[in-house]
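Right, one structure below, let's go through it.
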Number of protein chains: 4
Amino acid sequence: MAKRADFVESRRSKRRKQIFEGAVKVFAKKGYHSATTQEIADAAGLAKGTLYEYVRDKEEILLIVVEEGMLMVKSEIGKAISGIDDPEERMKRAIFVQLKFAKKYRNAAKVMQHEIRNLSVDGKKRLSELMNGQIELLRSILDDGIKAGRFRKLDSRIAAELFHHTSTFYFGYGDLPYQKASLDDITKFIMDNLIHAIIKEKTKEPTPVL
Amino acid sequence: MAKRADFVESRRSKRRKQIFEGAVKVFAKKGYHSATTQEIADAAGLAKGTLYEYVRDKEEILLIVVEEGMLMVKSEIGKAISGIDDPEERMKRAIFVQLKFAKKYRNAAKVMQHEIRNLSVDGKKRLSELMNGQIELLRSILDDGIKAGRFRKLDSRIAAELFHHTSTFYFGYGDLPYQKASLDDITKFIMDNLIHAIIKEKTKEPTPVL
Amino acid sequence: MAKRADFVESRRSKRRKQIFEGAVKVFAKKGYHSATTQEIADAAGLAKGTLYEYVRDKEEILLIVVEEGMLMVKSEIGKAISGIDDPEERMKRAIFVQLKFAKKYRNAAKVMQHEIRNLSVDGKKRLSELMNGQIELLRSILDDGIKAGRFRKLDSRIAAELFHHTSTFYFGYGDLPYQKASLDDITKFIMDNLIHAIIKEKTKEPTPVL
Amino acid sequence: MAKRADFVESRRSKRRKQIFEGAVKVFAKKGYHSATTQEIADAAGLAKGTLYEYVRDKEEILLIVVEEGMLMVKSEIGKAISGIDDPEERMKRAIFVQLKFAKKYRNAAKVMQHEIRNLSVDGKKRLSELMNGQIELLRSILDDGIKAGRFRKLDSRIAAELFHHTSTFYFGYGDLPYQKASLDDITKFIMDNLIHAIIKEKTKEPTPVL
DNA sequence: GATGAATGAGTCTTCATTCAT
DNA sequence: TATGAATGAAGACTCATTCAT
């Protein structure tokens, strides 16, 4: 039994958690570039030097934040749609999870939306796979719905990307003065209306005369 | 005839244009924070000191970029919908202009989407008004369509904000490796499908017998 | 008759006067280093470029201020002591002129006291001669008084330098929060007390008994 | 025993000392404004970044220099007059300490005299208290002497300020070409002559005839 | 002569990263 | 491992001086 190694590993993961939570707070308030490693270390309850024991450089901190956030959403979506068969319901739930996540992890979400572009090429690649996984999940839901004749015949990949993006919009909402709607109103709007973009309307066929 | 003043003014606006174009290039490639004033000056064909003759600080450069971009879109939308009455057509054209703009001024658009949050409170306020104007334009189109019974009865303000945001999504598209769709495909998708989120489906009323 | 040359010369001297007055205002408020040539030009009612028609560089502006100021004091002292014979009276008047000058040209005085050290070696030499002339004037008054048995036998050169410096103290007075005495009180103090440092006291010889 | 805290504190004060000594050298040679932080850091034997670990900004460096200098003089004066009762002797010693200090810390003194005006309002306030303390010390000596009938009845506050200033004159002496007297000669002059400005001359009272 | 736009060298200051303890 | 002092490269901004008009 690799008790020693386990102990080491558990400390590492505890530290990563600390860093994630500290960094989310700081990034959300000041953005990636304006945040200093000192502030992140403080928020994480670590010394600046210690930070660098667990992280190659500042970019890796951003990567931790984004990855950790993605994994959380993905896992929650998985739970939310398991056991559900109806495509429309599955789609709605998947979207709803993203919106719910935005409320709970507003800061991480904000960071994810805005700071991805600050990553290096390598960082983007590493992240791209995660986002791709999430989008493919949405896509599979859409494809099922199309096959079942419940959704419009559309490019499911693009639709998935757009839906994914729409929920990120929701994440950063409120930063600009003109953005005054409540998050709940936006949720409702998306669930009630945007969904029509994909659902095939049941056009009431004119009942035959006679 | 204030010839002198005119000359001075025309030079100022020429310089602002130079700065706009230089800054757009640099911001698009490196983002606001990573761009240096030296790089912007170089791209604008000005000396660093000259830059500061026309701009209070780095933030004002960003503001110029965003404002100029907004004004361009606004003016193009205005032209595109003038003389058109049909709400659906107006809406489609408004969206199409935004998408077209994204192709032409890809860099400015990218900057607008990503760097707004880097503005100071004052800068955000100044910008917020511009964005608000644009959103209100979309909203009025939606309201007309709702009144005419062509659009679903929905919260037109939120719808306008979402549409506005959706087109900005399009702007930054392509930055991440997984984003492989062509811009034309996305345009088509939005025009063909997303529009259903607002259009009231024409349930074919049974034509009256006789 | 060199009319043309005269005209040119009169404009030059008019400009120097403008520069002197503008620079005094600006230097007094901000000090030599913190003053910009733009501010000086503005205060002088000239364009920045025009300033450089009359002045080699910024240092020469300081030189103009200091020289002009010195010449003014010197000329006023000359007038004040002409026709007076009593050494004590002459000394008092010389000092008084310096103090009076300080009230009238407070700004120039402040500048003179503080910014001389900012001059280049050449500038210092040029100025040093002027100050030296003023000190020698005081010294000659002191020497006369010593010869006449009215002043203590002291190193008249050092005494002159110290008196000269004492009045410059007066110039900058009030800049620091603790300096609360009125200028008039200080004048009175110097005239009434400091003068005893040089005057030979008439020790009342005990009148012989009988 | 707070050994750790002590160690930290001792390093801080060691660094402040280094900065004080480096800055004094540089300021004395070039003045506050012309000195660069790089030069100061070099003179202090620190990296530029390290400088800013111990100092908020350039102004604080000046403040350190002036404060440290003041404290040194104050402490030396205290030692010099302790145990002495005769007012004239106390006054002479106080002055002498200032003069002696000028020889030993010529550079610091020069800086103190010239650069105080470059301080911000806050800096001036902070410093003003220190100078005030020193002046009040001189004043108390003067007041004692007046009460004892040894000094002329004069405004002791103004006298203290003037004496304080007179010794600062001595500090910067030698900068201008015309200033050729030796420091020792000036010391002698002040001790022998300037003191008469305050001392009440002993008019030999006729000894009562029995 | 007068002007003020243009220039770029020069400065302060910040902050990611290293490393001795 | 943990720490935080030390480092210096990098960047925003200023301003004396020049020069085309």
Side-chain angles (χ1 to χ4, degrees), chain A residues 7-8 11-12 15 32-42 45-61, chain B residues 4 7-8 11-12 14-15 18 32-42 44-61, chain C residues 7-8 11-12 15 32-42 44-61, chain D residues 4 7-8 11-12 14-15 18 33-42 44-61:
Chain A
F7 174 71
V8 167
R11 174 159 52 192
R12 277 204 84 76
R15 293 292 190 226
Y32 174 70
H33 268 109
S34 299
T36 68
T37 53
Q38 182 65 70
E39 288 168 326
I40 297 168
D42 289 348
L46 296 171
K48 208 174 3 157
T50 312
L51 198 62
Y52 276 84
E53 293 291 324
Y54 298 94
V55 136
R56 185 187 314 283
D57 54 20
K58 198 185 169 191
E59 171 166 343
E60 193 170 341
I61 301 175
Chain B
R4 174 78 191 166
F7 174 72
V8 167
R11 174 158 50 193
R12 277 205 85 75
K14 184 180 145 203
R15 294 288 184 237
Q18 275 178 275
Y32 174 70
H33 270 111
S34 301
T36 69
T37 55
Q38 182 65 69
E39 287 168 327
I40 296 168
D42 289 349
L46 296 171
K48 207 181 352 155
T50 311
L51 196 64
Y52 279 87
E53 292 283 323
Y54 298 93
V55 136
R56 185 189 311 283
D57 53 21
K58 199 184 169 192
E59 170 165 343
E60 192 170 342
I61 302 176
Chain C
F7 173 71
V8 166
R11 175 157 52 191
R12 277 204 86 75
R15 294 293 190 224
Y32 174 70
H33 268 109
S34 300
T36 67
T37 54
Q38 181 65 70
E39 289 169 325
I40 296 167
D42 289 348
L46 296 171
K48 209 173 3 155
T50 312
L51 198 63
Y52 276 83
E53 293 291 324
Y54 298 94
V55 135
R56 184 188 312 284
D57 53 20
K58 198 184 168 190
E59 170 166 343
E60 193 172 340
I61 302 176
Chain D
R4 173 78 192 165
F7 174 71
V8 167
R11 174 160 48 194
R12 278 205 85 75
K14 184 179 144 202
R15 295 288 184 238
Q18 277 178 274
H33 270 111
S34 301
T36 69
T37 54
Q38 181 65 69
E39 287 168 326
I40 297 168
D42 289 349
L46 296 172
K48 209 176 354 154
T50 311
L51 198 64
Y52 279 86
E53 292 283 324
Y54 298 93
V55 137
R56 186 189 311 282
D57 53 21
K58 199 184 168 191
E59 170 166 344
E60 192 169 341
I61 302 176

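Owing to the predicted nature of the structure, the values given are computational and were not obtained by experimental measurement.
- The salt bridge (charged side-chain N to carboxylate O under 4.0 Å, His left out) check on D/Glu53 picks up nothing, with sequence neighbours excluded.
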Once each nucleotide of nucleotides 13-21 of chain E is scored for protein heavy atoms under 4.0 Å, what B/S/- sequence comes out, 5' to 3'?
BBSBBB---
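- Per the geometry, CD1 belonging to B/Ile61 stands 10 Å off C1' belonging to F/dA12, to the nearest Å.
- Within 4.0 Å of D/Arg12, counting heavy atoms only, lies no atom of the nucleic acid at all.
- Spacing between atom CG of D/Asp42 and atom C1' of F/dA6 amounts to 15 Å, rounded to whole angstrom units.
- Contact check, C/Arg15 against E/dG1: no side-chain N or O comes under 4.0 Å of OP1 or OP2.
- Base-pairing analysis of DNA chain E finds the following stems of at least three consecutive Watson-Crick or G-U pairs, with both pairing distances under 3.5 Å: E:2-21 with F:2-21.
- Here B/Glu59 pairs with nothing under the salt bridge (charged side-chain N to carboxylate O under 4.0 Å, His left out) rule; sequence neighbours left out.
- Checking the phosphate oxygens (OP1, OP2) of F/dA5, no side-chain nitrogen or oxygen of D/Tyr54 falls inside 4.0 Å.
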Would A/Tyr54 and A/Arg11 count as a side-chain contact (heavy atoms from CB on, under 4.5 Å) here? Give the steps.
CA-CA 10 Å; A/Tyr54 298 94; A/Arg11 174 159 52 192; 4.0 Å; yes
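- Residues passing the side chain to side chain donor-acceptor pair (under 3.5 Å) test with A/Gln38 are A/Asp42, sequence neighbours excluded.
- Protein atom CG of B/Leu46 is 16 Å distant from nucleotide atom C1' of F/dC13, rounded to whole Å.
- Minimum heavy-atom separation, B/Thr50 to B/Leu46: CG2-CD2, 3.9 Å.
- Following rounding to the nearest Å, D/Glu60 (CD) and E/dC12 (C1') show an atom-to-atom distance of 15 Å.
- A distance-only check finds a donor-acceptor pair linking the side chain of C/Glu60 to the backbone of C/Arg56 [under 3.5 Å].
- Contacts of C/Thr37 classified as side chain to side chain contact (heavy atoms under 4.5 Å, CB included), with partners at least two apart in sequence or in another chain: C/Lys48, C/Leu51, C/Tyr52, C/Lys58.
- For B/Gln18, the side chain to side chain donor-acceptor pair (under 3.5 Å) test picks out B/Arg15, with sequence neighbours left out.
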